[in-house]
Number of protein chains: 2
Amino acid sequence: MIKVAIVEDNNTLRNSLTKLLNQTEGMQCVASLPNLLNVVSDLRKSQPDIVLMDIGLPNISGIEGVRTVKENFDNIQVLMFTVFDDDEKIFEAIQAGACGYLLKKSSPEEITDAIVSLYQGGAPMSASIARKVIHSFQQSSPSGLSEYQLTTRENEILYSLVEGLSYKKLAEKYFISISTIRTHIKHIYEKLHVHSKAQAVAKALKKG
Amino acid sequence: MIKVAIVEDNNTLRNSLTKLLNQTEGMQCVASLPNLLNVVSDLRKSQPDIVLMDIGLPNISGIEGVRTVKENFDNIQVLMFTVFDDDEKIFEAIQAGACGYLLKKSSPEEITDAIVSLYQGGAPMSASIARKVIHSFQQSSPSGLSEYQLTTRENEILYSLVEGLSYKKLAEKYFISISTIRTHIKHIYEKLHVHSKAQAVAKALKKG
DNA sequence: AAGTCAATCCCATAAATGGGTGATTTTTAA
DNA sequence: TTAAAAATCACCCATTTATGGGATTGACTT
């Protein structure tokens with residue numbers, strides 16, 4: 001039984017959502033709130049698995065709401081509920097801790113599907129949001145490894161060390177002899193000031 | 001017209017994919033490669049919009065392939081192509097710059113749909129991968145290493161492995177014999193599904 | 001033309017590691 | 001209170017790694 005809480009200021013919508021959830025098998029609406037005023041104590045009482053949160057709440061926005069929920073409850077997943085496919089807002093909500101979002105124009109089926117998907121570890125969202133998330137996630141630190149001045153070959157090999165390859169596998173991968181692999185790794189160790197594969201891997205991952 | 005390049009070692013599959021793409025309206029296969037050997041020059045000639053990349057290529061893996069492509073071509077989007085729904089690998093590929101993935105068992109329609117979706121700015125991927133990306137992006141994945149159920153001792157030792165200590169040093173540090181260290185490490189390997197210190201360190205750092 | 005550096009290779013040896021099997025004691029959980 | 005899990009230790013064997021040395025080729029710089 002998936003326990004869901006709703007935070008939505010529009011009374012009509014909130015009520016029909018509550019009905020929908022309670023009529024759906026395996027689902028139960030354990031709280032139905034018009035705003036975030038007492039959200040922490042309300043959720044503490046009702047102990048939902050999932051909160052369906054309107055993103056455009058008056059006064060305190062749903063994005064703040066996500067933050068509040070996530071700070072106080074580790075195990076509650078938040079699904080944003082919004083009228084517009086507003087990438088910016090949704091993106092912010094996800095940064096704040098939401099795991100997905102749902103358009104208000106969605107059909108009853110889509111709504112319950114999204115809730116189930118979220119409950120099962122998914123992340124219901126549109127393609128464009130997904131791409132946005134992925135991008136901001138990819139553009140990470142400009143390699144702190146470069147300070148060590150590894151050559152191209154050395155960098156390649158260091159990457160592969162992180163993958164856990166042995167000298168033999170490395171040799172096969174790059175079509176060179178184990179001796180050469182050894183030499184390269186010697187140089188890598190010198191440059192990184194380490195003395196084992198494990199240390200090199202650790203340093204490689206901590207930097208770039 | 002969406003120009004697609006394919007990198008796939010299985011000849012049969014590669015050929016039928018090529019056919020599929022060429023038979024699909026608005027799509028064209030401009031390169032069909034069995035490996036990554038000359039991928040940079042090949043792609044420079046064919047100038048695809050999208051690369052469909054097998055994740056499990058022999059020798060140089062598709063994950064490296066993504067890195068290579070992304071380093072050399074800003075505007076090419078990479079779609080991973082994989083047999084298994086292997087979260088770890090796919091996640092790595094996305095970190096490396098892929099924008100989505102596709103299962104090999106997908107229907108022709110699903111394949112072309114995913115390509116179109118990618119071309120239009122989407123990010124075709126499964127719910128569980130999406131969630132994983134979101135989590136690592138929220139930088140607060142509470143799960144992390146704990147999913148492996150390491151004991152207190154095993155966790156201590158794993159931390160020290162990351163520091164680069166040898167078995168001998170570990171034994172001295174914890175006032176126990178090297179044999180015991182070995183045993184603990186064996187258990188750690190079993191639980192993490194790895195077979196070397198380097199792999200364990202990599203996994204430890206990638207998770208918690 | 002001389003020098004540097006990356007990349008390639010080889011030899012040899014000692015230490016460290018990974019895999020397997022088996023055992024005892026203490027702690028924890030059912 | 002019994003069973004399971006954790007922590008401890010030992011032995012064997014094959015492979016891998018680390019470390020030391022030395023060497024050649026080609027590309028690029030000066």
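Order of the sequence lines sets the chain letters (A, B, ...), proteins ahead of strands, with each chain counted from 1. Everything quoted here is computed from the prediction, not taken from an experiment.
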Reading nucleotides 23-30 of chain C 5' to 3', which nucleotides get B (base under 4.0 Å from a protein heavy atom), which S (sugar-phosphate only), which -?
-> --------
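Of all the residues in residues 168-180 of chain B, B:Lys168 reach under 4.0 Å from DNA chain C with at least one non-hydrogen atom.
Within the 4.0 angstrom heavy-atom criterion, only backbone atoms of the sugar-phosphate kind lie near B:Lys197; the bases stay farther away.
Computed from coordinates, the B:Lys191 NZ to D:dA7 C1' distance equals 11 Å when rounded to whole Å. The nearest whole Å value for the distance from the CD1 atom in B:Ile185 to the P atom in D:dA7 is 14 Å. Rounded to an integer number of Å, the gap from B:Gln199 CD to C:dT17 P is 15 Å. In this structure, A:Glu190 atom CD and D:dG21 atom P are separated by 11 Å, rounded to whole Å. The separation between A:Ile157 atom CD1 and C:dA7 atom C1' is 10 Å, rounded to whole Å. For the pair B:His193 NE2 and C:dG18 P, the computed distance is 17 Å after rounding to whole Å. As a whole-Å value, the separation of B:Arg182 CZ from D:dC13 P is 14 Å. The distance from atom NE2 of A:His195 to atom C1' of D:dT16 is 19 Å, rounded to the nearest whole Å.
Residues B:Val30 and B:Val4 fail the side-chain proximity criterion, which asks for heavy atoms closer than 4.5 Å. Within the 4.5 Å cutoff, the side chain of B:Lys197 has heavy atoms near those of the B:Tyr189 side chain. Residues B:Val201 and A:Gln199 form no side-chain contact, since every pair of their non-hydrogen atoms from C-beta on lies 4.5 Å or further apart. Using a 4.5 Å heavy-atom threshold, the side chains of B:Leu52 and B:Val7 count as separate. The shortest distance between side-chain heavy atoms of A:Leu161 and A:Leu170 falls below 4.5 Å.
For C:dG20, the base has a donor-acceptor partner in the side chain of B:Lys186 [N/O atoms by modelled type, under 3.5 angstrom].
The nucleotide whose nearest atom lies closest to any side-chain atom of B:Arg153 is, among C:dT13, D:dT8, C:dG19, D:dT8. You'll find that the side chain of B:Tyr167 is closest to C:dT17, out of D:dT17, D:dA6, C:dT17.
Between B:Glu64 and A:Lys173 a salt bridge is recorded (basic side-chain N to carboxylate O distance below 4.0 Å).
Checking the phosphate oxygens (OP1, OP2) of D:dA6, no side-chain nitrogen or oxygen of B:His187 falls inside 4.0 Å. Look at B:Tyr189 and you won't find any side-chain N or O under 4.0 angstrom from OP1 or OP2 of C:dG19. Distances shorter than 4.0 Å separate none of the side-chain N or O atoms of B:His184 from OP1 or OP2 on D:dA6.
Geometrically, B:Arg182 does not engage B:Tyr167 in a cation-pi contact, judged by NZ or CZ lying under 6.0 Å from the ring centre and within 45° of the ring axis.
Inspection of the A:Thr180 and A:Thr183 side chains reveals no N or O donor paired with an N or O acceptor under 3.5 Å.
Every residue two or more places apart in sequence or in another chain that forms a side-chain contact (heavy atoms from CB on, under 4.5 Å) with A:Leu37 is listed here: A:Asn35.
Taking every heavy atom of both residues into account, B:Tyr119 and B:Met1 meet most closely at OH-O, 4.5 Å.
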